[in-house]
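Values below: every heavy atom of this structure, side chains too, minus hydrogens, waters and symmetry copies. Nothing fancy with the numbering, it's 1 onward along the sequence.
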Amino acid sequence: MPALAVRSYDSKLDSKRRITLRAASYDYYHVEEYPDGRILLEPRELTKPFEVSQNTLSMMDESMKNFKAGKAGDPIDFSAYEELL
């Protein structure tokens with residue numbers, strides 16, 4: 001049995017050929033257009049800002065401890081790549 005609509009309304013293209021979604025729950029949508037005229041919108045979250053995994057944060061903390069303690073590898077020689085710049 002198909003899901004029941006939460007909201008149903010008619011919409012019209014504006015002069016720039018856009019449709020406005022009323023009370024849209026998301027900022028971004030994936031759009032699929034079908035030959036029979038149907039348009040399917042699926043909500044999308046493009047990024048999750050400021051989200052860094054706990055594992056990454058732990059690795060960064062450990063790296064900074066090593067850096068402050070003077071534990072560092074040899075400098076990298078980039079001279080072979082200077083001609084590419």
Side-chain angles (χ1 to χ4, degrees):
M1 183 168 156
L4 298 176
V6 174
R7 217 177 6 251
S8 177
Y9 57 90
D10 293 327
S11 186
K12 176 184 178 296
L13 291 176
D14 66 10
S15 61
K16 294 185 179 180
R17 314 270 312 146
R18 301 174 296 191
I19 291 180
T20 301
L21 300 177
R22 299 179 195 164
S25 302
Y26 295 87
D27 290 332
Y28 298 97
Y29 290 85
H30 175 75
V31 179
E32 291 181 8
E33 296 184 38
Y34 294 92
D36 64 0
R38 289 181 300 130
I39 298 174
L40 174 65
L41 300 176
E42 293 179 329
R44 292 286 193 253
E45 284 191 36
L46 299 184
T47 60
K48 293 186 179 183
F50 310 113
E51 187 173 305
V52 179
S53 72
Q54 189 59 44
N55 185 41
T56 300
L57 292 173
S58 298
M59 289 172 55
M60 291 169 62
D61 290 341
E62 189 65 30
S63 296
M64 288 309 299
K65 286 179 191 174
N66 289 338
F67 178 75
K68 289 178 181 178
K71 297 179 187 175
D74 295 329
I76 299 172
D77 179 16
F78 288 108
S79 62
Y81 302 103
E82 289 177 357
E83 63 191 43
L84 298 175
L85 299 175

Please determine whether the number of non-hydrogen atoms from other residues, nucleotides or ligands lying under 6.0 Å from atom [atom1] of [X] exceeds 12.
X     : atom1 : answer
Tyr9  : OH    : yes
Ile76 : CD1   : no
Asp36 : CG    : yes
Glu32 : CD    : yes
Tyr29 : OH    : yes

Could you tell me the separation between the CG atom of Asp14 and the NZ atom of Lys12, rounded to the nearest 0.5 Å?
->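 Asp14 atom CG to Lys12 atom NZ measures 8.0 Å (nearest 0.5 Å).
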Hey, could you give me the OH/CD distance between Tyr26 and Glu45, rounded to the nearest 0.5 Å?
->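 CD of Glu45 is found 7.0 Å from OH of Tyr26.
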Give a yes or no on whether Ile19 and Tyr28 share a hydrophobic cluster (residues Ile, Leu, Val, Met, Phe, Trp, Tyr; joining criterion: side-chain heavy atoms under 4.5 Å apart).
->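 Different clusters: Ile19 never reaches Tyr28 through Ile, Leu, Val, Met, Phe, Trp or Tyr contacts under 4.5 Å.
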Just by distance, with hydrogens left out, do Ser79 and Asp77 show a side-chain donor and acceptor under 3.5 Å apart?
->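 Ser79 vs Asp77: donor-acceptor pair found between side chains.
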Minimum heavy-atom separation for Asp10 to Arg22, with atom names?
->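 Distance-wise, the nearest heavy atoms are O-NH2, 3.4 Å.
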Kindly give the heavy-atom pair with the smallest separation between Ser53 and Thr56, and that separation in Å.
->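 Smallest interatomic distance, heavy atoms only, reads OG-OG1, 2.9 Å.
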Any side-chain heavy atom of Val31 sitting closer than 4.5 Å to one from Leu40?
->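 No. Closest side-chain heavy atoms not under 4.5 Å.
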